Structures are given as C-alpha cells and as structure tokens.
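Quick caveat, the model's predicted, so the values are computed rather than measured.
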Amino acid sequence: MTQKRKILVIKTGAAGDVVRTTSVLNLFKDDSVVWLTSEPYIAFFQDLDQEIAVFDINNYPDTVLSDVYDLVLSQEEEADCAKLASSLNTKKLVGVYWDNGIKYTNDSKPWLDMSLISPLGKEAANELKKVNPYSFQELFFQSLGVPFTGQPYQIYQPPVERNKRRIGIEKTAGARWAYKQWHGYEALGNQLEKEGFEVIYFGKREDIRDYLREINSCGFVLSGDTLAMHIALAYGIPGIAIFNCTSPTEIYDYNLLLKIVNPKLNDFFYSTGNDPEVSKIIPYETVYNAFKQHYGKFYPTLIQTGDTVSS
C-alpha cells in the first residue's frame, strides 16, 4: 500500500480565491491534507469526501508546526503566512516564503510575477496580467508540475432543491473593488420577474453556509467577478459574470460561465477607484440579451431565445 503524503496548504483569503484554490484538492484525494484559512471560510471544507483537516490561521494545534510534510503550498501573499511557511519542516515548498522579506519559489513565478509581491513592481505586474493567456488554475497546477484538465472546485455543497427558473443576482462588491459593480442589476431583475422568473438578490449572511445554500438553490447566477461567481462554478450552475476591472482570462469558465468584459477594461485594470460612470459602460441591453442566449443554452425549453432588445 502506498503511504499517504502529508500536504499543507496556506490560503486564507479572499473568499473567492480560497474557493478557486480548492481545485488543487483533486490532486490529493489519497493524501492527508491540512489547510490553514480564515475562520469564516472553514465552512467551505465541511463534508468533503477526502481526508482534510482545516484550521483557523490564528488558532491551529501545535502539531501543525511539529509535523513533517511532503509538500507545503504557501499561497498567501502576506508576511506572517510567509514566515509560517518558512518555519515548517517540509520536503518541498511551493509558493510564498520569507527570507529577509517576502519571496516566492521559481516554480510559482508565472503566477506570482503578476501579483502585488512581484519584484517587478505593480505596473509591470499588471502589464503581465493584461497579456496573460492562462487561467489561475492552469498557472497554479503548472507550479506543481501537473496539467490542469478542468479539475473542479471542491467545497461544501448544502443539500437544497434547485429551481431552474430562480435567478440569483449578486449586485454588491467589496469596498476595495467598487469598479466591479454594474448599474443594471435591478432593472434586469425587474424585467426577468415580469417574464416569469423568480429573482433573488444575494446578501451578506452571518453564516456563510446560508449564502452557499441560497446560491445552490438557483438555476442561474448573475454577478461580477465575485465570490458568488466562484460558488456557482463550484456547484455547476451556469451564469454570467461582468468584468469591469479585473482579468477575465484568469477565471476558468468550466463551460458554465459567460464573461461580459468592459470594452475599456484596460483603462481601469485592477484600479480601486470609485467613479460610478464605470458601472454604466456595459449597456443594460448587452447583459439582457446575453442572459437570454446563455440561459437558453442550458434550459432551451424554459426560454424563448429570440426575445432580445436593441441597444
């Protein structure tokens, strides 16, 4: 019998980034995995069909420090996590570590050269992002020497009855990324309700599992480049995501997601500004017509795809 490897993953946030990183769990089905994350995100790892111990990055047992690992995946671009990764006893470390400052391993360069910790500087890193042709998963798996072949996210999926005509809309975005917002969500929701759809708007929940449950009840999800988009992808729910200021290329669509990209994306690329006019660049009609076509692709008997509007 092959001995189980011991794997440790450090990935604490943001929530959507934690979710997409779980695709790597497919590579460790027969191994023993420890994952350090932020306390609210421990719920993502509930009831998974593999051996995984998940701990709060601020409250983990001493055995995490004393164990010997075959592989440490250090995926957090933050000093304390880098120092922790460097203190662990491991045969191999991939990602971020500490050596008189934050550094990262050579095999992580294709991804982390585009990050905020890139020694190239923010401007050069963003220029690399603009021309990068690969998804996060492709680059992440490349750092492990394994091809990405569409391995899905692995997160807790609450049992709930899914309604194909329930459209979930996430119209909010974090304070840092005001440009992720789009002006037309409510108008679109109102129109879809007139057409007989049930529309629900996601909101912040005290228990993130309630948020997961709400998304899992939907047949289609509309959002920006947000956590809701990643959760929908994890649950195999088709949807549309609007990209106003972040890289659409980094998001793997799993043959579920239609991306609508701001034609002036490069003007606001990873900008944290808050000019409300940016949310109006993509016309309402573009998103409405895309919904009719993309929803109809998955549920052709539930929609008349010819009902579109002109801009």
Side-chain angles (χ1 to χ4, degrees), residues 14 16-17 20 111 113-116 121-139 167-192 199 201-202 220-230 232-233 237-298 303 305-311:
D17 292 348
R20 69 180 182 182
W111 173 248
D113 273 353
M114 300 186 293
S115 73
L116 289 175
K122 181 180 177 180
E123 186 175 337
N126 279 345
E127 288 302 314
L128 286 177
K129 274 183 176 287
K130 287 178 182 179
V131 299
N132 164 49
Y134 302 110
S135 69
F136 162 78
Q137 289 95 316
E138 289 173 299
L139 294 173
I167 312 301
I169 296 178
E170 178 58 270
K171 63 180 182 178
T172 63
R176 182 185 179 194
W177 298 109
Y179 282 162
K180 287 187 178 184
Q181 296 176 351
W182 179 62
H183 72 102
Y185 286 123
E186 289 192 17
L188 180 58
N190 291 338
Q191 177 60 33
L192 295 180
V199 176
Y201 294 92
F202 306 131
F220 197 92
V221 170
L222 290 153
S223 71
D225 176 11
T226 65
L227 174 60
M229 175 193 71
H230 287 290
L233 288 171
I237 301 171
I240 289 173
I242 294 171
F243 290 81
N244 268 331
C245 64
T246 55
S247 169
T249 307
E250 289 177 13
I251 305 303
Y252 187 74
D253 64 21
Y254 289 99
N255 294 317
L256 292 167
L257 183 71
L258 177 65
K259 306 171 191 177
I260 298 180
V261 181
N262 183 345
K264 297 183 178 180
L265 176 70
N266 286 348
D267 293 342
F268 306 100
F269 200 66
Y270 285 89
S271 171
T272 55
N274 59 5
D275 182 352
E277 293 303 309
V278 176
S279 75
K280 301 176 183 178
I281 294 174
I282 296 174
Y284 165 87
E285 294 81 10
T286 296
V287 181
Y288 175 80
N289 292 340
F291 168 80
K292 300 291 279 190
Q293 294 168 12
H294 200 54
Y295 183 91
K297 173 183 174 182
F298 291 90
I303 196 169
T305 56
D307 295 341
T308 58
V309 296
S310 300
S311 55

Would you tabulate the side-chain donor-acceptor contacts of residues 267-275 under 3.5 Å, counting partners in other chains and residues two or more places apart, or write 'none'?
from	atom 1	to	atom 2	distance (Å)
Tyr270	OH	Ser247	N	3.3
Ser271	OG	Gly273	N	3.3
Asp275	OD1	Glu277	N	3.0

Can you list, pair by pair, the side-chain donor-acceptor contacts under 3.5 Å of residues 220-228, counting residues two or more places apart and other chains?
from	atom 1	to	atom 2	distance (Å)
Asp225	OD2	Thr246	OG1	2.6
Thr226	OG1	Ala228	N	3.4

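Residues satisfying the ring pair (Phe, Tyr, Trp, His ring centres under 6.0 Å) test with Tyr185, not counting sequence neighbours, are Trp182. Checked against salt bridge (Lys or Arg N to Asp or Glu O under 4.0 Å), Lys122 has no partners two or more places apart in sequence or in another chain.
To the nearest 0.5 Å, atoms CD1 (Ile303) and NZ (Lys297) are separated by 13.5 Å. Here the CG atom belonging to Leu265 is positioned 7.5 Å from the SG atom belonging to Cys245, to the nearest 0.5 angstrom. A distance of 11.5 Å separates CD1 in Ile237 from CZ in Phe298, rounded to the nearest 0.5 Å.
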**Report entry** Verdict with supporting geometry, Ile282 and Ile260, side-chain contact (heavy atoms from CB on, under 4.5 Å)
**Finding:** CA-CA 8 Å; Ile282 296 174; Ile260 298 180; 3.9 Å; yes
**Report entry** Audit row: Met114, Leu139, side-chain contact (heavy atoms from CB on, under 4.5 Å) steps and yes/no
**Finding:** CA-CA 11 Å; Met114 300 186 293; Leu139 294 173; 3.6 Å; yes
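Heavy-atom minimum distance, Gly189 versus Tyr201: CA-OH, 3.5 Å. Counting all heavy atoms, side chain and backbone alike, Ala290 lies closest to Leu258 at CB-CD2, 3.8 Å. Closest of all the heavy-atom pairs between Leu233 and Tyr252 is CD1-O, 3.7 Å. The shortest heavy-atom contact between Gln181 and Ala173 is CG-CB, 3.9 Å. Across every non-hydrogen atom of Thr249 and Pro133, the tightest pair is CG2-C, 3.4 Å.
Residues Ile240 and Met229 are not in side-chain contact: their nearest non-hydrogen atoms beyond the backbone lie 4.5 Å or more apart. Under the 4.5 Å side-chain criterion, counting only non-hydrogen atoms from C-beta, Glu138 is not in contact with Trp111. Proximity of Thr172 to Phe202: side-chain heavy atoms (C-beta onward) are nowhere separated by under 4.5 Å. Using a 4.5 Å cut-off on side-chain heavy atoms (C-beta onward), Ile251 and Phe243 make contact.
Under the 3.5 Å distance criterion, the side-chain polar atoms of His294 are matched with a main-chain donor or acceptor of Leu256.
With hydrogens and angles left out, the side-chain atoms of Tyr288 and Gln293 include no donor and acceptor closer than 3.5 Å.
Pairs passing the salt bridge (charged side-chain N to carboxylate O under 4.0 Å, His left out) check and including a residue from residues 254-264, sequence neighbours excluded, do not occur. Counting only residues at least two apart or in different chains, salt bridge (charged side-chain N to carboxylate O under 4.0 Å, His left out) contacts with residues 248-258 comprise Lys129-Glu250.
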